[in-house]
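Quick notes on the structure that follows.
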Amino acid sequence: MNSKNKIPQKFYLSDDVINTSKLLLGKILVTNVNNKITSGMITEVEAYLGINDKASHTYNNKRTSRTEPMFSKGGIVYIYLCYGIHHLINIVVGKRDFPSAILIRSIKPVDGIKTMMERRNFKKLTKELTNGPGKLTKALGITMKYNSISLNSKKIWIENHNIIINKKDILSSSRIGVDYAGEDAKLPYRFYIKNNKWISK
DNA sequence: CCAGGGATGGACT
DNA sequence: GTCCATCCCTGGT
């Protein structure tokens, strides 16, 4: 929990979204909600690429008030509501008007586990606490109020704890729940840590 | 104003 | 493993 480990803003400016996605594995996503610190190691992500990716909200350069955060310069978060219930968090990356983002799909709890369990009404710590995009946001206390917030803020940020994920321990697959995207649904843009138990389904 | 949709979760066998 | 309820927000009118 040392803010000196906070990832520098330039990390989020690369246009190589696939590479940035892989680099996020093993990093620590932290929130401070009403002075309660909770965090988890990122174990699973999905890349959503710009305007040519049919699975992306910004496909065909769709620019609305909802998708606007994705068009901003990298280094902020894009939160949206899914199925009317679940808040999903994306890390916006790339230059301004390069609308790409990385969905955080799973984390391994690190700090504030008790708080996370309270938010989820869990009595026993199991992987179900944070092994899904809607689950981890609830555990971390993330709501729509976090939309568009900078990762350089006091409310949410990402730390580097020098956990090295070897290239051979990064697996990929097609993305989850994007069947509507036709051919693009098959793209191998989901990345996760091999043999880690904190992975969705 | 309102119809439609959805980057899922959880309950159940 | 399978099934299906979910319900607020979005965006076009």
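Under a 4.0 Å N-O distance rule, the pair A:Asp53/A:Arg175 qualifies as a salt bridge. Remark: A:Arg63 engages A:Asp97 in a salt bridge, criterion side-chain N to carboxylate O under 4.0 Å.
Here B:dG9 presents its C1' atom at 14 Å from CG of A:Leu129, a figure rounded to the nearest Å. Counting to the nearest Å, the C1' atom of B:dG9 and the CD atom of A:Glu44 are 14 Å from each other. Separating the CZ atom of A:Arg175 from the P atom of B:dG6 is a distance of 15 Å, rounded to the nearest angstrom. Summarising the geometry, the separation between NZ on A:Lys201 and P on B:dG9 is reported as 7 Å, rounded to the nearest angstrom. Going from atom CG of A:Asp179 over to atom P of B:dG5 covers 16 Å, rounded to whole Å. Atom pair A:Tyr59:OH and B:dA7:P shows a separation of 16 Å (rounding to whole Å applied). Look at NZ on A:Lys54: it is 17 Å from C1' on B:dA7, rounded to the nearest Å. A straight line from CD1 of A:Ile176 to C1' of B:dG9 spans 13 Å, rounded to a whole angstrom.
Atom NZ of residue A:Lys145 and atom NE2 of residue A:His87 lie 10.5 Å apart, to the nearest 0.5 angstrom.
Non-hydrogen atoms lying under 4.0 Å from DNA chain C are contributed by nothing in residues 88-106 of chain A.
A:Asn131 and A:Lys135 are linked by a side-chain donor-acceptor pair at a separation below 3.5 angstrom, with hydrogens and angles left out of the test.
Remark: B:dC12 base-pairs with C:dG1. Criterion, Watson-Crick or G-U wobble with two distances under 3.5 Å.
Taking the centre and axis of the six-membered ring of A:Trp198, the NZ or CZ atom of A:Lys127 falls outside the cone set by 45° and 6.0 Å. Taking the ring axis of A:Tyr192 as reference, the NZ or CZ atom of A:Arg190 stays within 45° of it and closer than 6.0 Å to the ring centre.
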Protein-to-nucleotide contact annotation, 5' to 3' order, nucleotides 6-13 of chain C [B base; S sugar-phosphate only; - none; under 4.0 Å, heavy atom]: BBBSSS--
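For the ring-ring contact (aromatic ring centres under 6.0 Å, His included) criterion with A:His57, the lone passing option out of A:Tyr80, A:Tyr48, A:Phe71 is A:Tyr80.
Residues A:Tyr146 and A:Ile156 form a side-chain contact, since some pair of their non-hydrogen atoms from C-beta on lies under 4.5 Å apart. Looking at heavy atoms from C-beta onward, A:Tyr12 lies in side-chain contact with A:Ile158 at the 4.5 angstrom threshold.
Using C1' as the reference atom, B:dG5 and C:dC4 are 16 Å apart when rounded to the nearest Å.
Backbone-only engagement by A:Arg120 is indicated by non-hydrogen atom pairs under 4.0 Å involving sugar-phosphate atoms exclusively.
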